[in-house]
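Scroll down for the structure; my scribbles are underneath it.
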Amino acid sequence: EADRLLGLGFEPELRRLAAHHSMPPRDGRQTSLFAATLPAPLRALAADFLRADAVAVRAGHESGAVPLVQQSLVLLPPG
């Protein structure tokens with residue numbers, strides 16, 4: 001998930017990989033990022049890795065989980 005990679009501080013590693021001499025320039029490669037949610041600050045950060053003509057595909061709402069999906073938390077005993 002792109003939001004987790006960028007949000008958890010992996011930006012320096014991603015920049016190092018993108019700048020590696022074996023990597024084509026940004027406009028000469030295809031980069032795909034996937035995320036269920038991508039807040040505006042992380043979208044701006046992700047734009048550094050994407051081509052200027054990048055396309056965003058959105059399905060549903062960006063506000064979080066779809067109401068039709070039931071979420072539950074199951075706590076397991078330690079061990």
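Applying the 6.0 Å contact sphere to CD of Q30 captures no more than 12 heavy atoms from other residues, nucleotides or ligands.
Minimum heavy-atom separation, P24 to R29: O-NH1, 2.8 Å. For G9 against P12, the heavy-atom pair with the smallest separation is O-CD, 3.3 Å.
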What donor-acceptor contacts under 3.5 angstrom involve side-chain atoms of residues 45-55, with partners at least two apart or in another chain?
from: D48; atom 1: OD2; to: R15; atom 2: NH2; distance (Å): 2.6
from: R51; atom 1: NE; to: D53; atom 2: OD1; distance (Å): 3.1
from: R51; atom 1: NH2; to: D53; atom 2: OD2; distance (Å): 3.2

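The hydrophobic clustering, which links ILVMFWY residues whose side-chain heavy atoms are closer than 4.5 Å, places L42 and L14 together.
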